[in-house]
Amino acid sequence: GCTNLTTAKIDGKFEKLTSLNSLFKDKTKLTTAVIKGEFPLITNLAYLFQSCSSLTSAIFEGTLSEDVASISMESMFSGCSAITSATIYDAGEESDAAVQLSGDFSKVTTLKNLFQNCSSLRDVDIKTDFENVTNISNLFNGCTNLATAKIDGNFAVLPSTSLKSLFKDKSKLTTAEIKGIFPLITTLEFLFQNCSSLASATIEADFPEVTTTQEMFRNCDAITSALFNVDGTADVVIKGDFSKLTNMNGTMRDCDKLNT
């Protein structure tokens, strides 16, 4: 039902509500959505806007609880092909992005497929602690126009291979930043492989368990310079704890313009 819904706004205190799963799923004419208020028992935001193909503006400023065991954001915006930008910030942070999520996300456990097939998505900025997230698989799968990506936060329990190939084949990606804490990550293999437009990448994070950066920047044809734990300015700047790194095989392979 409600097949012609174009605008939806929710604001209030929902003391007994435990789920918003699929609330607006498949509302293909929905263009604008605003969700605010208090949701102390919410554990499920999965599929909330899945396949809302006309959605161009969404604001979620809900107060979530630290007392629930876990919260799912799986496929929350999957298939929202009109979205152009998105931010996920702590409560109180301001943004002018098309999708604005703000609040305490410390009990979120999965971001699987969060932006899958958001084919118009160009800019993403994630700056909050996801200290209980264990799954980011396919986070940007199908985001063929992604140009700028920034990730900054505490990912305390993110499993060992979660960043492998995260931005692989994003041929329009020009700028990337990864900052924060990733204590369980063991590999950065293929992270930016085939990002042929990548001209700026900054990684300032602790990766104490990383052992390999194999082909991390392979075929990044726009890169001209790179620095690894060295002060200075370059297209690629990597700084942090890499005390267990043993394999850098092909890290910059086939970066044909690399001269420094």
Would you confirm whether [X], through its side chain, and [Y], through its main-chain N or O, come within 3.5 Å as a donor-acceptor pair?
X      : Y      : value
Asp152 : Ile178 : no
Ser200 : Thr175 : no
Ser197 : Ser171 : yes
Lys257 : Ala222 : no
Asn145 : Ser119 : yes
Ser75  : Ala46  : no
Asn141 : Gln116 : no
Thr31  : Thr6   : yes
Ser225 : Thr260 : no

Can you see which heavy atom on [X] is nearest to which on [Y], and at what distance?
X      : Y      : answer
Thr28  : Ser54  : O-OG, 2.6 Å
Lys36  : Val34  : CE-CG1, 3.8 Å
Phe167 : Ala149 : CE2-CB, 3.6 Å
Leu258 : Met252 : CD2-CB, 3.8 Å
Ala33  : Phe49  : CB-CE2, 3.5 Å
Leu55  : Thr32  : CD1-N, 4.0 Å

Joint cluster assignment, [X] & [Y], ILVMFWY side-chain distance < 4.5 Å:
X      : Y      : answer
Leu139 : Leu101 : yes
Leu158 : Leu245 : yes
Leu23  : Phe60  : yes
Ile181 : Ile88  : no
Leu114 : Ile59  : no

Side-chain contact, heavy-atom cut-off 4.5 Å: [X] with [Y]?
X      : Y      : answer
Val68  : Ile42  : no
Thr213 : Phe207 : no
Phe24  : Ile35  : yes
Leu64  : Lys107 : no
Leu198 : Phe217 : yes
Leu20  : Phe39  : yes
Ser72  : Asn44  : yes
Lys239 : Asp231 : yes

For the atom pair [atom1] ([X]) and [atom2] ([Y]), what is the distance rounded to the nearest 0.5 Å?
X      : Y      : atom1 : atom2 : result
Gln214 : Thr251 : CD    : OG1   : 8.0 Å
Leu5   : Asp26  : CG    : CG    : 12.5 Å
Ile71  : Thr110 : CD1   : OG1   : 12.0 Å
Glu74  : Leu45  : CD    : CG    : 12.0 Å
Thr212 : Phe190 : OG1   : CZ    : 7.5 Å
Thr87  : Lys150 : OG1   : NZ    : 11.5 Å

Ser162 and Ile185: CA distance, side-chain angles, deciding distance, side chain to side chain contact (heavy atoms under 4.5 Å, CB included) verdict: CA-CA 7 Å; Ser162 298; Ile185 295 296; 4.1 Å; yes
Can you label the angle between the Phe242 ring and the Phe228 ring as parallel, tilted or perpendicular, going by 30° and 60°?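 Geometry flag for Phe228 against Phe242: tilted rings.
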Would you sort out whether Lys168 and Asn194 count as a side chain to side chain contact (heavy atoms under 4.5 Å, CB included), showing the intermediate values? CA-CA 6 Å; Lys168 183 179 179 182; Asn194 300 328; 4.3 Å; yes
Can you list, by chain and residue number, the hydrophobic cluster partners of Tyr47 when the side-chain cut-off is 4.5 Å?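 Noted: Tyr47 shares its cluster with no other residue.
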Review item, side-chain donor-acceptor pairs of residues 120-136, under 3.5 Å, at least two apart:
residue	atom	partner	partner atom	Å
Ser120	OG	Ser81	O	2.7
Asp123	OD1	Thr148	OG1	3.3
Asp125	OD2	Tyr89	OH	2.7
Thr128	OG1	Asp90	OD1	2.4
Asp129	OD1	Asn154	N	2.9
Asn132	ND2	Ser106	O	2.7
Thr134	OG1	Thr109	O	3.4
Asn135	OD1	Ser137	N	2.9
Asn135	OD1	Ser137	OG	2.8

Between Val236 and Met216, is the side chain to side chain contact (heavy atoms under 4.5 Å, CB included) condition met? List the steps. CA-CA 12 Å; Val236 173; Met216 184 175 174; over 6 Å; no
